[in-house]
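Data first, discussion second: the structure below is written as structure tokens.
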Amino acid sequence: QVQLVESGGGLVQAGDSLRLSCAASGLTLSNYAMGWFRQAPGKEREFVAAISRSGSSTYYVDYVKGRFAISRDNAKNTLYLQMNSLKPEDTAVYYCAATRRFVVATTPNEYNYWGQGTQVTVSS
């Protein structure tokens, strides 16, 4: 059974940093490209960042470029999202997802497995 479990969310102030983790089980992470999405109340789930199977390629939505960094440790079957200079508009539930695609994917329907999400709240 495939499981993706996010952790590391919390309540922080604007300008602070958080590091999210996504621990995978039931699959070999190196066989999947991975992504982070987020969903704020009343809004659709939106793409944040993606990383290729090896980690050699990454892709970000414009409004997190330079602030967020996606990375992976295939030996530990774990995905990360380092979030710096957080803003109140980054408040959302953050989800990690795995796709069998060979390239990075930016839309939810391209992903095969999802975690349950972790809440990130940024106060002003």
Side-chain angles (χ1 to χ4, degrees):
Q1 180 182 356
V2 174
Q3 276 195 312
L4 301 175
V5 180
E6 301 95 335
S7 61
L11 172 62
V12 297
Q13 293 187 333
D16 286 350
S17 298
L18 279 176
R19 189 193 197 200
L20 305 184
S21 299
C22 171
S25 60
L27 57 76
T28 301
L29 201 67
S30 57
N31 291 336
Y32 293 81
M34 301 294 293
W36 286 98
F37 290 76
R38 68 187 186 187
Q39 188 166 17
K43 295 187 177 181
E44 292 187 352
R45 191 167 298 189
E46 62 180 13
F47 169 77
V48 175
I51 190 167
S52 62
R53 294 185 177 197
S54 67
S56 60
S57 296
T58 58
Y59 187 79
Y60 300 91
V61 69
D62 284 348
Y63 43 81
V64 305
K65 284 181 181 177
R67 298 191 299 124
F68 291 10
I70 188 171
S71 62
R72 63 192 297 160
D73 186 335
N74 287 340
K76 295 182 178 180
N77 247 27
T78 303
L79 175 73
Y80 303 100
L81 185 68
Q82 178 68 43
M83 304 187 296
N84 300 325
S85 302
L86 282 162
K87 305 175 180 181
E89 50 264 43
D90 294 319
T91 294
V93 177
Y94 283 71
Y95 299 89
C96 68
T99 175
R100 297 188 186 97
R101 289 174 58 88
F102 284 89
V103 296
V104 295
T106 62
T107 59
N109 60 7
E110 295 178 279
Y111 284 82
N112 303 102
Y113 301 107
W114 291 85
Q116 84 291 346
T118 185
Q119 177 70 48
V120 172
T121 303
V122 185
S123 64
S124 57

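Count residues from 1 along the sequence.
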Arg72 side chain to Ala33 backbone, donor-acceptor under 3.5 Å: no
Side chains of Arg67 and Tyr60, heavy atoms from C-beta outward: is any pair under 4.5 Å? no
Minimal non-hydrogen separation, Gly55 against Thr58, with atom names: O-CG2, 4.5 Å
Within the structure provided, determine whether Arg100 and Asn31 are in side-chain contact (heavy-atom separation under 4.5 Å). no
Within this structure, what is the CG-CZ distance for the pair Asn109 and Arg45, rounded to the nearest 0.5 Å? 12.0 Å
Least distance between heavy atoms, Thr99 atom then Glu110 atom: OG1-O, 2.7 Å
Given side chain to side chain contact (heavy atoms under 4.5 Å, CB included), test Glu6 with Tyr94 step by step and report yes or no. CA-CA 8 Å; Glu6 301 95 335; Tyr94 283 71; over 6 Å; no
Under 4.5 Å between side-chain heavy atoms, counting indirect links through other Ile/Leu/Val/Met/Phe/Trp/Tyr residues: same cluster for Tyr95 and Val2 or not? yes
Interatomic distance, Cys96 atom SG to Gln116 atom CD [nearest 0.5 angstrom]: 7.5 Å
Main-chain N/O of Ser54 paired to Asn74 side chain as donor or acceptor, under 3.5 Å: no
Set of residues satisfying ring-ring contact (aromatic ring centres under 6.0 Å, His included) with respect to Phe37, sequence neighbours excluded: Phe47, Tyr111, Trp114
State, with a plain yes or no, whether a side-chain heavy atom of Met83 is found less than 4.5 Å away from one of Leu20. yes
Has the side chain of Thr91 got a donor or acceptor atom that lies under 3.5 Å from a matching backbone atom of Val122? yes
Can you check whether Ile70 reaches Leu79 side chain to side chain, under 4.5 Å on heavy atoms? yes
Tell me the closest heavy-atom pair linking Leu4 and Ala97, and the distance in Å. CD1-CA, 4.0 Å
How about Tyr59 and Lys65: do any of their side-chain heavy atoms sit closer than 4.5 Å? no
Phe68 side, atom CZ; Ser85 side, atom OG - distance, nearest 0.5 Å: 9.0 Å
Above 12 or not: heavy atoms from other molecules or residues under 6.0 Å from OH of Tyr63? yes
Is there a path from Tyr80 to Met34 through hydrophobic residues (I, L, V, M, F, W, Y) whose side chains come within less than 4.5 Å of each other? no
Heavy-atom closest pair, residues Ala50 and Val104: CB-CB, 3.9 Å
How long is the gap from CD on Glu46 to OG1 on Thr106, to the nearest 0.5 Å? 12.0 Å
What I'd like to find out is whether the side chain of Leu18 reaches to under 4.5 Å of the side chain of Asp16, using heavy atoms alone. no
Transitively linked via ILVMFWY side-chain contacts under 4.5 Å: Leu81 with Tyr113? yes
Quick one: does Ser30's side chain get under 4.5 Å of Arg53's, heavy atoms only? no
At what distance, to the nearest 0.5 angstrom, does SG of Cys22 lie from CG of Leu29? 7.5 Å
How long is the gap from CD on Glu89 to OG on Ser124, to the nearest 0.5 Å? 10.0 Å
Any Val64 side-chain heavy atom under 4.5 Å of Arg38 side chain: yes
Contacts of Tyr32 that satisfy side-chain hydrogen bond (donor to acceptor under 3.5 Å, both in side chains) - sequence neighbours left out: none
